[in-house]
Amino acid sequence: MQQRRIGDQTVSAIGLGAMPLSTKDDRPAPEDAQAVVHAALDAGVTLVDTADAYARDEAEFGHNESLVAAALASYGGDTSSVLVATKGGHTRRGSDWELDGSPSYLRRACEDSLRRLGVDAIGLYQYHRPDPGTPWEDSMGALRQLADDGLVRMVGISNADIAQIDVARSIVGPALASVQNQFSPGWRFSADELAHCAAHGLAFIPWSPFGGVTAAGSLSSTAPAFAEVAGKLGVSVYRVTLAWHLAQSDVVVPIPGASRPSSIQDSAAATDLQLTAEQLARLSA
Ligand SMILES: NC(=O)c1ccc[n+]([C@@H]2O[C@H](COP(=O)([O-])OP(=O)(O)OC[C@H]3O[C@@H](n4cnc5c(N)ncnc54)[C@H](OP(=O)(O)O)[C@@H]3O)[C@@H](O)[C@H]2O)c1
């Protein structure tokens, strides 16, 4: 498995997006969900992306973090090199998604995530999404404080534009390690943020690399060029898509979601797929 860097940590170039294990309508039973995490680890995946808000609703807030923690604890092998990346700042009201980026909320959320993950410090703590009700600077100050106080080892931001990335760089400082934005064949609006991350040595973590849980099933028809290249290579359209993500820059670390072991097994193999300049030009058109 190819390796990449997030801050000071080496991780697999493909991570596991754990969200579908909690939010997918037909999500797997807990033991099957753990088997998906185990399949990822068996395949050499050492980055698992979760969030406190990945749950069906408010009543089971923290579902995904607890599931990831249980899966790591029950894994037979060594998990010491696994980076668990979680997020705070999204709240749930019923099944709705809301936001709270206030410093007091972020500290409380981080402390709850620490408890659920059963760790002394969170490897990568990401601010989930800008809260229009809280000045960005205040949320960034809260993240800086979490890092200074040792509750989190590295800080990430998510759904941020270039101006927000630059404010985060100045306030959070060297603890800022990553930016997680949406980026897929059908959603390339974060290309400038990706380039900005590459210029400043920040990892860029594309979320919903196939367009999201619902859209992923029709990727072949929505991204025909990717399907065509996949057909010629005799691999899945998902593998070609992730190889295309990886080819954008060395700072890119995609986190494909999976609720079946076979999905993450196939996705993890994308790090062995080298696309030619000609294929990449076709996919970038
Ligand atoms: N920061 C944010 O605001 C934000 C927002 C959304 C998501 N995320 C993160 O990004 C991660 C990925 O996004 P996502 O899960 O929404 O969508 P996605 O990765 O675009 O699509 C996930 C779906 O693709 C299918 N899939 C994955 N690999 C496959 C393969 N090799 N072959 C066939 N099918 C495959 C899976 O099907 P099965 O379920 O059948 O395995 C899964 O449900 C999330 O899990 C989450 O960690 C972050």
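Ligands are counted one by one from 1 in listed order, and the atoms in each one are counted from 1 as well.
A ring pair (Phe, Tyr, Trp, His ring centres under 6.0 Å) check over residues 97-125, counting only residues at least two apart or in different chains, returns the pairs His90-Trp97. Among residues at least two apart or in separate chains, ring pair (Phe, Tyr, Trp, His ring centres under 6.0 Å) pairs with a member in residues 131-157 are Tyr127-Trp136.
For ligand 1, the 4.0 Å heavy-atom shell takes in Gly17, Ala18, Met19, Pro20, Lys24, Asp49, Tyr54, Lys87, His128, Arg129, Ser158, Asn159, Gln180, Trp207, Ser208, Pro209, Phe210, Gly211, Gly212, Val213, Ala216, Tyr238, Ile255, Pro256, Gly257, Ala258, Ser259, Arg260, Ser263, Asp266, Ser267, ordered by chain and residue number.
Under 4.0 Å is where a charged nitrogen must lie from a carboxylate oxygen, and between Arg115 and Asp112 at least one such pair does.
Taking the ring centroids of Tyr54 and His128, they lie under the 6.0 Å cut-off.
Among residues two or more places apart in sequence or in another chain, the salt bridge (charged side-chain N to carboxylate O under 4.0 Å, His left out) test is passed with Asp8 by Arg153.
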**OP:** Take Met140 and Arg144, measure what side-chain contact (heavy atoms from CB on, under 4.5 Å) needs, and give me the verdict at the end.
**Re:** CA-CA 6 Å; Met140 293 305 103; Arg144 168 69 187 250; over 6 Å; no

